[in-house]
Structures are given as C-alpha cells and as structure tokens.
Amino acid sequence: MNKPLALAALCLLLGACASVPPPPAPQPQPIPAASAAPVPIAVAVTRHDYASDSLLATAWTQRAVEHDLVYTEIYRAAQAQLLTALNTPTWDALPKAAREGPATGLTPAVVLDIDETVLDNSPYQARLIKSGREYDDATWADWVRQASAEPLPGALEYTRFAAAHGITVLYVSNRVAELTAPTVANLRSAGFPLADDSVVYSLGMKVPGCTQTGSSKACRRRMIAKEYRVLEQVGDQVGDFIQPAANTPAGRAAAMKPYADWIGERWFVLPNPTYGSWQPALFGNDWSLSPAERHAREVEALRTQ
C-alpha cells in the first residue's frame with residue numbers, strides 16, 4: 001500500500017474509533033426518601049444467619065483500634081474518679097433498690113461485670129461466625145472451661161489500681177455457678193486481683209430473702225450491699241447497673257433515666273455491639289422466632305430519619 005492510501009486508511013480507522021461513544025459512567029442509586037414506602041421485609045431480607053448479624057460487630061471488636069481506645073478511655077475515666085469516691089464517706093454507686101441501710105462504714109468495693117467488661121470473648125463469637133452456628137450453652141461452656149479469654153484494654157490497670165488502694169474488686173457475672181471455677185482460674189491467669197473465690201458472684205447464687213428472676217443481678221447487688229460500700233460499677237449492659245422493669249427499648253431507657261448524673265461518675269458503661277439484652281428488646285424477647293424473623297424485626301426497628 002502506498003503512503004497516501006495508508007494515510008487515508010489510518011484516518012478512516014481513527015474516525016471510526018472516535019465515533020464509538022465511551023460506556024456510560026455508572027450512576028449512583030438514590031437512597032429512598034424517609035417518606036417513601038418501605039420495601040417489604042420479606043423482599044428486603046433474602047438471606048439471614050447468625051454470622052451476618054454478628055460479623056461486623058465482632059470484626060470491630062477484634063480489629064478496630066477505636067474499640068481499644070474507647071475501653072481504655074472509659075477505664076481511665078473510672079480510675080480518675082475512684083479516689084474521690086473512696087474519700088467521700090457517703091458515696092455509693094448501688095441503685096437505691098439494692099440498699100436497705102446506710103453504706104457509711106462498709107468495706108469499699110467496685111463492682112464489675114465479667115464478659116465483655118473485663119474478659120474478651122470475641123474469639124468465641126468468631127468461632128460461631130466461621131462455623132455458621134448460633135450461641136448455645138454447650139459451646140459457651142466449652143469456651144469458658146478453656147479459661148483462655150484475655151483481659152480487655154484498661155481493665156487490668158483499673159482493677160489493680162483499686163486493689164492497691166484497699167478497694168475490694170467484685171465480679172458479678174451471669175455465667176452460671178457451674179462455671180465459677182474456670183472463671184476464677186481465667187481471671188487469675190489473666191492477672192486480675194481476686195481477694196478470694198467468693199468475690200465472683202455467679203448466676204444461681206442463693207440470696208436469702210430474695211427471689212431470683214431470670215438473669216437479673218438485683219439479688220446479688222442486695223447481697224453485696226450488706227457488706228460493701230460500692231464506689232463504682234462497670235459493665236456493658238443496663239442490667240449490670242440496674243434491673244429494668246421491662247426489657248424494651250423504652251423500659252431500658254426509663255430504668256437508667258433517674259441515674260443519668262451517675263454515668264461517667266459512678267456508673268461506667270462499655271460498648272458491646274455483639275450481643276446483649278438490647279437485642280431481644282427489638283423483637284419482643286421472643287427467642288422462639290426463627291433467625292430470619294428476628295432479623296426482620298431488627299430491620300423494622302431501624303430509624304430512617
């Protein structure tokens with residue numbers, strides 16, 4: 001092909017290429033307005049299992065530095081307040097219903113929950129996710145008996161500071177009494193101060209004159225009130241501080257409202273997005289519902305404005 005013909009062919013080729021429009025850029029899908037009719041739950045939820053609910057919460061707990069920073073921050077705030085509480089004879093951090101007599105003169109103590117407050121059970125949650133299973137008592141008991149849960153950020157420093165200043169550290173847990181021995185072993189191996197085994201108050205302890213209701217810690221708080229002046233409480237659930245009259249979102253908020261001034265002063269609340277009584281409050285506490293039905297109720301509870 002001679003040079004003029006080659007140039008003509010090249011021009012025709014380039015012109016043909018230039019005439020083909022580029023593919024359109026993908027357009028973002030608009031978010032429905034809050035006033036738009038909601039997508040029916042049966043359509044919106046196509047698949048559900050325990051892992052899909054728990055994955056991001058567990059990943060945040062294990063891998064987000066923000067999790068560790070928040071725990072450290074809360075425990076430091078609690079520690080900074082502790083000596084003021086100790087040196088104020090009338091200071092008491094138990095809810096009014098737990099205290100039958102004056103706290104003045106009683107042994108000073110702090111009360112902490114165990115799971116997701118001082119010990120990290122996220123490896124158990126991760127096992128459930130990877131195996132596609134839900135929580136059950138047998139697998140939980142196996143995990144507890146391993147006594148391998150690690151301390152959460154700030155918890156060791158706080159409890160050791162309390163013990164060094166003559167403050168008894170009490171652990172009030174809803175682990176069942178049969179798991180007390182491995183729980184004590186785990187706390188000790190992790191380095192937490194325990195005056196003796198009796199400072200762990202497990203679910204199922206008999207409290208004279210008090211009828212146990214479900215997993216409520218109210219009876220155990222009343223037992224503690226007879227011997228200790230509680231300076232602070234630390235936990236990750238409303239029930240670690242006070243028992244709501246009803247486990248509904250409104251009931252839980254109402255239980256805490258009279259003690260709003262105590263938050264960050266006497267009561268220190270840690271974040272736990274992986275599980276807790278907040279979750280069944282969203283689906284009427286009805287664990288007989290299938291996972292998909294529970295998930296649908298949780299979706300319905302979300303606010304869009």
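Heads up: numbering here begins at 1 and tracks the sequence.
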Undergrad: Tell me whether the rings of Trp287 and Phe283 are parallel (<30°), tilted (30 to 60°) or perpendicular (>60°).
TA: perpendicular
Undergrad: Can you check side chain to side chain contact (heavy atoms under 4.5 Å, CB included) on Leu112 and Leu170, steps first, answer last?
TA: CA-CA 6 Å; Leu112 299 96; Leu170 307 176; over 6 Å; no
Undergrad: Do you know the tightest heavy-atom contact between Ala281 and Pro249?
TA: O-CD, 3.5 Å
Undergrad: What residue pairs, at least two apart or across chains, pass salt bridge (Lys or Arg N to Asp or Glu O under 4.0 Å) with a residue in residues 100-120?
TA: Glu100-Arg222, Glu100-Lys226, Asp113-Lys217, Asp115-Arg175
Undergrad: One pair to check against side-chain hydrogen bond (donor to acceptor under 3.5 Å, both in side chains): Ser202 and Thr180. What are the steps and the verdict?
TA: CA-CA 7 Å; Ser202 301; Thr180 300; 2.7 Å; yes
Undergrad: Closer than 3.5 angstrom, by distance alone: can the side chain of Gln237 be matched with the main-chain N or O of Ser277 as a donor-acceptor pair?
TA: yes
Undergrad: Any salt bridge (Lys or Arg N to Asp or Glu O under 4.0 Å) involving residues 258-283? Give me the pairs, sequence neighbours left out, ordered by first then second residue.
TA: none
Undergrad: State which residues pass side-chain contact (heavy atoms from CB on, under 4.5 Å) with Ala78; sequence neighbours excluded, sorted by chain then number.
TA: Tyr158, Glu232, Phe268
Undergrad: Donor-acceptor pair, distance only, cut-off 3.5 Å: does the side chain of Asn87 make one with the backbone of Leu83?
TA: yes
Undergrad: Does anything in residues 61-122 pair up under disulfide bond (SG atoms under 2.5 Å apart), and if so which pairs, sequence neighbours excluded?
TA: none
Undergrad: Sorted by first residue and then second, give each salt bridge (Lys or Arg N to Asp or Glu O under 4.0 Å) pair with at least one member in residues 72-96; sequence neighbours left out.
TA: Asp92-Arg99
Undergrad: Please determine if Glu134 and Arg294 form a salt bridge, counting it only when a charged side-chain N lies under 4.0 Å from a carboxylate O.
TA: yes
Undergrad: Does any pair with a residue in residues 87-122 pass ring-ring contact (aromatic ring centres under 6.0 Å, His included), and if so which ones, sequence neighbours excluded?
TA: none
Undergrad: Check the angle between the aromatic planes of Tyr135 and Trp140 and answer parallel, tilted or perpendicular using the 30° and 60° thresholds.
TA: tilted
Undergrad: Looking at Thr139, is its backbone amide N or carbonyl O close enough to the side chain of Asp136 to form a donor-acceptor pair, meaning the two atoms are under 3.5 Å apart?
TA: yes
Undergrad: Run the side chain to side chain contact (heavy atoms under 4.5 Å, CB included) check on Gln79 and Ile74 step by step: do they pass?
TA: CA-CA 9 Å; Gln79 182 173 315; Ile74 292 172; over 6 Å; no
Undergrad: Would you say the side-chain atoms of Gln243 and Ser216 include a donor-acceptor pair closer than 3.5 Å?
TA: yes
Undergrad: Could you verify whether a donor N or O on one side chain and an acceptor N or O on the other, from Arg220 and Asn174, lie under 3.5 Å apart?
TA: yes
Undergrad: Can a donor-acceptor pair be found, under 3.5 Å and without considering hydrogens, that links the side chain of Arg229 to the backbone of Leu86?
TA: yes
Undergrad: Can you pull out every salt bridge (Lys or Arg N to Asp or Glu O under 4.0 Å) where at least one residue sits in residues 190-201? Sequence neighbours excluded, please.
TA: Arg188-Asp197
Undergrad: Tell me the disulfide bond (SG atoms under 2.5 Å apart) pairs involving residues 115-197, sequence neighbours left out?
TA: none
Undergrad: Would you please say whether a donor-acceptor pair under 3.5 Å links the side chains of Gln125 and Thr58?
TA: no
Undergrad: What ring-ring contact (aromatic ring centres under 6.0 Å, His included) pairs are there with at least one residue in residues 189-240, not counting sequence neighbours?
TA: none
Undergrad: Which residues satisfy the ring-ring contact (aromatic ring centres under 6.0 Å, His included) test with Trp278, sequence neighbours excluded?
TA: none
Undergrad: Tell me which pairs pass ring-ring contact (aromatic ring centres under 6.0 Å, His included) where either residue lies in residues 231-258, with sequence neighbours left out.
TA: Phe241-Trp267
Undergrad: Can you pull the disulfide bond (SG atoms under 2.5 Å apart) pairs that have at least one residue in residues 106-222, sequence neighbours excluded?
TA: Cys210-Cys219
